[in-house]
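What follows is a short report on a single structure.
Indexing begins at 1, ligand by ligand and atom by atom, following the structure's order. All heavy atoms count here, side chains included; hydrogens, waters and symmetry mates do not.
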Amino acid sequence: MSSNTVQQFDISIVGGGMVGAAIALSLSQAGLQVALIEKQAPAEFDSASAPDLRVSSINLASEAWLTKLGAWQLLQQMRLCPYQRLQAFEHPASIVTFDAAEVKNSHLGHIVENNVLQLALWQQFTAKVTRFCPASVSALSQTSDNALLTLDSGEQLRSALVIAADGGNSQLRQLAGIGTSGWQYQQACLVALVNTPYPQQDVTWQQFTPTGPKAFLPLPGQQGNIVWYDNAPTVKHLATLKPEQLTRELLKAFPEQLGEVKVVSSSWFPLARMDVNRYFAGRVVLAGDAAHTINPLAGQGVNLGFADAKLLTELIISAHQQQQDIGNETLLSGYQRKRKPANLLMMSTMDGFYQLFGNDIAPLRKLRQLALTLASRSGALKKLVTHYAVGIK
Ligand SMILES: Cc1cc2nc3c(=O)[nH]c(=O)nc-3n(C[C@H](O)[C@H](O)[C@H](O)COP(=O)(O)OP(=O)(O)OC[C@H]3O[C@@H](n4cnc5c(N)ncnc54)[C@H](O)[C@@H]3O)c2cc1C
């Protein structure tokens with residue numbers, strides 16, 4: 001195709017990560033013509049490969065939607081790990097356990113590798129999704145009834161709506177002139193893939209310490225993913241260690257139930273909170289990390305992104321079926337009105353946890369002991385927290 005021909009789509013999505021790919025799949029299944037622009041395609045799945053370091057805890061609400069889209073079934077054929085129990089504690093002697101039985105379900109959630117979930121979504125695409133990959137956007141212009149994207153290849157795509165799902169450093173957000181607020185947390189987190197001495201585990205746990213939480217997420221077989229929050233210089237230092245050295249540090253710092261693990265690989269991530277001033281500008285609308293980044297403390301980031309994606313696609317599909325303009329302001333305002341407060345509430349709740357559990361100030365130490373005791377003794381409170389964690393409210 002000539003690079004100066006303008007190609008027409010119902011919708012263009014920039015970013016084909018977990019959130020953008022789910023949106024593309026959902027809209028294409030409803031008959032919309034979708035353009036998906038992505039910098040890098042997900043790698044093919046290799047069952048013999050080591051699990052990726054970037055994993056997410058996927059809650060029941062997200063699982064239900066991904067099942068409806070047909071991607072969950074593919075993911076199950078590749079690799080994922082269910083967990084039945086979620087534990088939180090300061091001291092291993094006083095563990096609070098949240099159990100799948102509290103929500104009358106076989107599991108509370110799954111740990112999945114981000115790139116495997118992304119691949120499962122991509123594998124479901126039909127001809128209704130035109131992929132531009134590897135590609136990125138060099139310019140955006142808008143009129144009152146459409147938006148025009150110019151790709152770095154020179155190709156131009158016109159559509160009634162552009163969805164920016166290009167992650168926390170969204171370029172589209174900047175091109176659309178949408179401002180952000182937020183901060184970089186003083187802590188960072190080290191993530192490590194470990195081999196464990198135990199058979200596949202059904203529990204994910206988090207220990208709160210004054211220097212930050214230490215978490216274990218189970219993976220298929222005798223493997224797990226470790227998340228170690230600490231101040232940024234410490235985390236950066238840990239990330240420079242060889243696997244054998246890091247193993248020694250882990251065994252010193254983590255509670256006993258980790259077992260005699262061995263580190264396979266590791267990496268580190270900065271932690272930032274970011275919220276956008278508005279969720280849309282003209283015919284560009286944001287979803288997932290492009291709209292909000294949250295402390296990963298309770299593994300909610302992509303679950304919030306899927307909740308954005310589900311609502312946004314429902315509104316668009318409904319407008320499309322009624323032959324309305326799918327980029328109309330009323331639709332986009334309705335999306336913002338529902339998702340912005342919900343996302344902010346979760347971000348602030350996580351910050352409350354972060355403040356309450358991430359320091360050694362005596363009154364707060366007492367308060368968190370009280371919170372954990374209450375959580376373990378009150379059946380109703382426990383049930384409420386469990387419902388919140390799995391995305392059923
Ligand atoms: C350490 C850590 C642990 C986490 N754990 C959890 C967890 O347990 N549970 C959970 O729900 N969340 C978790 N999160 C958060 C989760 O990873 C993010 O919320 C999620 O990845 C967001 O998905 P997304 O599709 O919106 O963005 P991304 O995953 O950032 O995807 C963006 C996509 O856009 C593409 N892209 C970027 N720029 C361009 C461009 N200019 N042009 C074209 N394509 C572009 C990228 O290549 C990528 O494919 C964690 C995050 C971290 C850092």
Side-chain angles (χ1 to χ4, degrees), residues 12-24 35-43 52-59 61-63 66 81 83 86 109-115 117-119 121-122 131-140 149 151-153 162-175 185 187-192 204 206 213 215-219 225-229 235 239 266-274 286-309 312 343 346-347 350 389-391:
S12 301
I13 300 167
V14 183
M18 294 183 283
V19 172
I23 295 174
L36 181 70
I37 301 111
E38 167 57 51
K39 279 202 294 206
Q40 196 182 359
D52 198 61
L53 279 169
R54 289 206 63 165
V55 301
S56 295
S57 160
I58 301 296
N59 68 22
S62 299
E63 178 190 337
L66 293 166
C81 181
Y83 60 88
L86 191 157
H110 285 81
I111 308 299
V112 308
E113 294 158 65
N114 293 4
N115 61 2
L117 175 48
Q118 182 193 11
L119 180 68
L121 290 157
W122 278 56
R131 297 170 222 186
F132 296 86
C133 181
S136 54
V137 173
S138 59
L140 161 78
L149 290 175
L151 306 190
D152 43 10
S153 60
V162 172
I163 300 178
D166 51 345
N169 295 321
S170 171
Q171 178 209 9
L172 250 283
R173 187 179 66 219
Q174 285 167 33
L175 288 175
Y185 294 97
Q187 286 188 334
C189 70
L190 178 99
V191 174
T204 176
Q206 187 147 169
F216 172 81
L217 290 73
L219 290 173
N225 187 286
I226 293 297
V227 192
W228 181 346
Y229 297 79
V235 165
S266 66
S267 183
W268 74 277
F269 296 91
L271 303 178
R273 169 177 166 146
M274 184 277 295
L286 313 178
D289 272 24
H292 43 78
T293 59
I294 178 172
N295 193 319
L297 193 65
Q300 289 298 328
V302 78
N303 293 302
L304 296 182
F306 285 135
D308 294 346
L312 184 58
N343 290 330
M346 183 62 88
M347 288 157 102
M350 286 312 111
V390 298

Top protein contact for atom 28 (P) of ligand 1, by heavy-atom distance | G167 CA, 4.2 Å
Atom 14 (N) of ligand 1 [closest protein heavy-atom partner, distance rounded to 0.1 Å] | S56 OG, 4.4 Å
Return the option from R54, M18, H292 holding the heavy atom at the smallest distance from atom 17 (O) of ligand 1.
-> R54
Test of proximity, Q40 against ligand 1: N or O pairs below 3.5 Å | no
For ligand 1, is L271 a contact, meaning one of its heavy atoms is under 4.0 Å away?
-> no
Which heavy atom of I13 sits nearest a heavy atom of A165, and at what distance?
-> CG2-CB, 4.5 Å
Can you establish whether the number of heavy atoms outside N169 located under 6.0 Å from its atom CG is more than 12?
-> no
Heavy-atom nearest neighbour in the protein, as seen from atom 26 (O) of ligand 1, with distance rounded to 0.1 Å | D289 N, 3.0 Å
If you look at every heavy atom in T293 and A272, which pair is closest and at what distance?
-> OG1-O, 3.1 Å
Contacting atoms of ligand 1, where contact means under 4.0 angstrom from a heavy atom of N114 = 17 (O)
Nearest protein heavy atom with distance in Å, relative to atom 24 (P) of ligand 1 | V19 CG2, 3.8 Å
Which is it for P296 and ligand 1 at heavy atoms under 4.0 Å: side chain, backbone, both or neither?
-> side chain
Mind checking whether F132 and L151 have side chains closer than 4.5 Å, heavy atoms only?
-> yes
Examine ligand 1 and decide if any of its atoms is less than 4.0 Å from a heavy atom belonging to A135.
-> yes
For atom 36 (N) of ligand 1, which of D166, V227, L190 has the closest heavy atom?
-> D166
Can you list the ligand 1 atoms lying under 4.0 Å from a non-hydrogen atom of C189?
-> 1 (C)
Got the closest protein heavy atom to atom 31 (O) of ligand 1, with its distance?
-> G17 CA, 3.8 Å
Value for CG (L217) from CG (L86), rounded to nearest 0.5 Å, stands at 9.0 Å
What one should report as the nearest heavy-atom pair of P213 and Q206 is CB-OE1, 3.2 Å
With respect to atom 42 (N) of ligand 1, which of G109, A165, S136 exhibits the smallest heavy-atom separation?
-> S136
Distance in Å, R173 CZ paired with L140 CG, rounded so as to fall on 0.5 Å steps | 14.0 Å
Who's the nearest protein heavy-atom neighbour of atom 49 (O) of ligand 1, and how far?
-> E38 OE1, 2.8 Å
shortest atom 5 (N) of ligand 1-to-protein heavy-atom contact is with V55 O, 3.6 Å
For ligand 1, which atoms, with element, lie under 4.0 Å from some heavy atom of G288?
-> 26 (O)
N or O pair under 3.5 Å between G301 and ligand 1 | yes
Just checking, any donor-acceptor pair under 3.5 angstrom between side chains of S56 and N114?
-> yes
How many angstroms lie between CG in L119 and CD in E113, if you round to the nearest 0.5 Å?
-> 10.5 Å
At a 4.0 Å threshold, what atoms of ligand 1 neighbour a non-hydrogen atom of I37?
-> 43 (C), 44 (N)
Any N or O of V302 closer than 3.5 Å to N or O of ligand 1 = yes
So, the side chain of D308 versus the backbone of G288: is there a donor-acceptor pair under 3.5 Å, distance only?
-> yes
At what distance is the nearest protein heavy atom to atom 44 (N) of ligand 1, and which residue and atom is it?
-> K39 N, 3.2 Å
Among all residues two or more places apart in sequence or in another chain, which pass the salt bridge (Lys or Arg N to Asp or Glu O under 4.0 Å) test with E38?
-> none
